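This one's a predicted model, so the numbers in the text were calculated from it and none came from an experiment. In what follows, chains are A, B, ... by sequence order, proteins preceding strands, each numbered from 1.
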Amino acid sequence: MKEKELRRSLAVLPIGTVMKLTDLSARQIRYYEEQGLIQPERNAGNRRMFSLNDVDRLLEIKDYLTDGINMAGIKQIYAMQKQRAAQKEADLARPLTDQDVRRILHDEFLNIGGLKSQRGPNYPQH
DNA sequence: GTTCTCACA
DNA sequence: TGTGAGAA
């Protein structure tokens with residue numbers, strides 16, 4: 001199933017199409033790119049070209065925003081996912097203990113809860 | 001007709 | 001985040 005994933009990563013959508021698909025303004029889409037939440041490619045004319053994965057990511061971002069999570073929070077969430085992905089290999093060599101799992105879940109709930117605010121990036125660190 | 005960057009009554 | 005200007 002690698003073929004499918006490759007197609008979803010093909011940047012073929014202009015910003016206008018993405019706007020209709022995500023119901024986001026061009027301003028917002030460009031801003032999210034500026035924040036590093038998405039990395040659309042550029043064509044010869046310097047126009048942004050998005051992939052289906054980008055669209056999914058934008059819809060996901062929209063949901064997080066709806067849930068009251070701000071940019072800083074979303075960034076942190078993706079940062080965590082990245083860490084998780086990088087850590088996955090290590091986990092394969094040394095599976096997580098029940099204690100590790102409990103600690104991770106605990107941290108997760110604490111963080112998500114702390115991010116659910118319209119305030120700045122001053123969430124509690126335990 | 002679209003999209004890009006930059007700036008702000 | 002919206003919006004308008006000026007260019008591509």
Side-chain angles (χ1 to χ4, degrees):
Chain A
M1 274 218 180
K2 194 185 295 180
E3 190 73 17
K4 188 175 171 185
E5 198 172 308
L6 206 163
R7 293 181 199 289
R8 292 186 63 73
S9 296
L10 282 183
V12 294
L13 311 173
I15 197 168
T17 303
V18 178
M19 287 173 70
K20 294 174 183 174
L21 256 33
T22 63
D23 195 43
L24 289 170
S25 67
R27 181 81 169 78
Q28 289 176 296
I29 296 173
R30 297 188 185 113
Y31 178 66
Y32 300 155
E33 173 191 18
E34 197 176 291
Q35 299 305 301
L37 269 33
I38 53 174
Q39 36 265 190
E41 293 174 22
R42 294 302 184 107
N43 64 12
N46 192 41
R47 267 79 226 273
R48 269 167 270 249
M49 295 302 276
F50 305 76
S51 69
L52 294 178
N53 281 326
D54 290 326
V55 174
D56 285 341
R57 161 88 49 140
L58 286 170
L59 290 172
E60 205 176 305
I61 292 171
K62 210 177 66 167
D63 285 338
Y64 284 137
L65 257 27
T66 298
D67 287 338
I69 299 176
N70 56 210
M71 285 300 108
I74 296 176
K75 283 187 186 178
Q76 190 181 309
I77 289 176
Y78 287 134
M80 285 182 162
Q81 291 182 0
K82 187 175 180 180
Q83 279 181 41
R84 219 40 61 75
Q87 178 85 45
K88 193 171 185 177
E89 296 176 36
D91 291 347
L92 255 48
R94 183 188 70 72
L96 294 180
T97 65
D98 285 354
Q99 195 175 66
D100 289 331
V101 176
R102 285 199 213 99
R103 180 181 54 70
I104 292 175
L105 288 178
H106 179 258
D107 290 357
E108 207 77 320
F109 277 78
L110 257 180
N111 280 312
I112 299 295
L115 295 172
K116 281 198 164 191
S117 155
Q118 301 182 323
R119 294 253 151 267
N122 304 311
Y123 19 80
Q125 293 295 322
H126 52 298

Between [atom2] of [N] and [atom1] of [X], the distance in whole Å:
X: A/Leu13; N: B/dT2; atom1: CG; atom2: P; result: 16 Å
X: A/Glu33; N: C/dT1; atom1: CD; atom2: P; result: 15 Å
X: A/Phe50; N: B/dT2; atom1: CZ; atom2: P; result: 16 Å
X: A/Glu34; N: B/dT3; atom1: CD; atom2: C1'; result: 16 Å
X: A/Lys20; N: B/dT3; atom1: NZ; atom2: P; result: 8 Å
X: A/Ile29; N: B/dC4; atom1: CD1; atom2: C1'; result: 14 Å
X: A/Gln35; N: C/dT1; atom1: CD; atom2: C1'; result: 12 Å
X: A/Gln28; N: C/dT3; atom1: CD; atom2: C1'; result: 14 Å

Would you please confirm or rule out a distance under 4.0 Å between OP1 or OP2 of C/dT1 and any side-chain N or O of A/Tyr32?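 True: A/Tyr32 side-chain N/O within range (under 4.0 Å) of C/dT1 OP1/OP2.
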B/dC4 phosphate, OP1 or OP2, under 4.0 Å from A/Arg48 side-chain N/O: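 Yes.
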Sub-3.5 Å donor-acceptor pair from the side chain of A/Asp67 to the main-chain atoms of A/Tyr64, do we have one?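 A pair under 3.5 Å: no.
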Test of understanding: with side-chain hydrogen bond (donor to acceptor under 3.5 Å, both in side chains), list the residues that count as partners of A/Tyr78, not counting sequence neighbours.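 Only A/Glu60 meet the side-chain hydrogen bond (donor to acceptor under 3.5 Å, both in side chains) criterion with A/Tyr78.
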side-chain hydrogen bond (donor to acceptor under 3.5 Å, both in side chains) partners for A/Lys62, two or more places apart: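 Expected list: none.
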Out of [options], which has the shortest distance to the side chain of [X]?
X: A/Arg42; options: B/dT5, B/dT3, C/dT1; value: B/dT5
X: A/Arg47; options: B/dC4, C/dT3, B/dT3; value: B/dT3
X: A/Pro14; options: B/dC4, C/dT1, B/dT3; value: B/dT3

Take A/Ser51 and A/Asp54, measure what side chain to side chain donor-acceptor pair (under 3.5 Å) needs, and give me the verdict at the end. CA-CA 5 Å; A/Ser51 69; A/Asp54 290 326; 3.3 Å; yes
Heavy atoms, side chains only, cut-off 4.5 Å: are A/Ile61 and A/Leu58 in contact?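 Answer yes - side chains close enough.
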Of A/Arg47, A/Glu33, A/Arg30, the residue whose pairing with A/Ile15 passes side chain to side chain contact (heavy atoms under 4.5 Å, CB included):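 For A/Ile15, the side chain to side chain contact (heavy atoms under 4.5 Å, CB included) check succeeds only for A/Arg30.
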Side chain to side chain contact (heavy atoms under 4.5 Å, CB included) partner of A/Phe50, the single match among A/Thr22, A/Val18, A/Val12: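 Filter result, single survivor: A/Val18.
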Taking Watson-Crick and G-U wobble pairs with both distances under 3.5 Å, convert DNA chain B into its dot-bracket string, 5' to 3', dots for unpaired and | for cross-strand pairs. .|||||||.
Just to be sure I understand the rule, does A/Gly45 reach a base, reach only the sugar-phosphate, or reach nothing, if contact means heavy atoms closer than 4.0 Å?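 Nothing, no nucleic acid heavy atom in range.
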Classify A/Arg30 by what it touches in the nucleic acid, base, sugar-phosphate, or nothing, heavy-atom distance under 4.0 Å.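 A/Arg30: base contact, heavy atoms under 4.0 Å.
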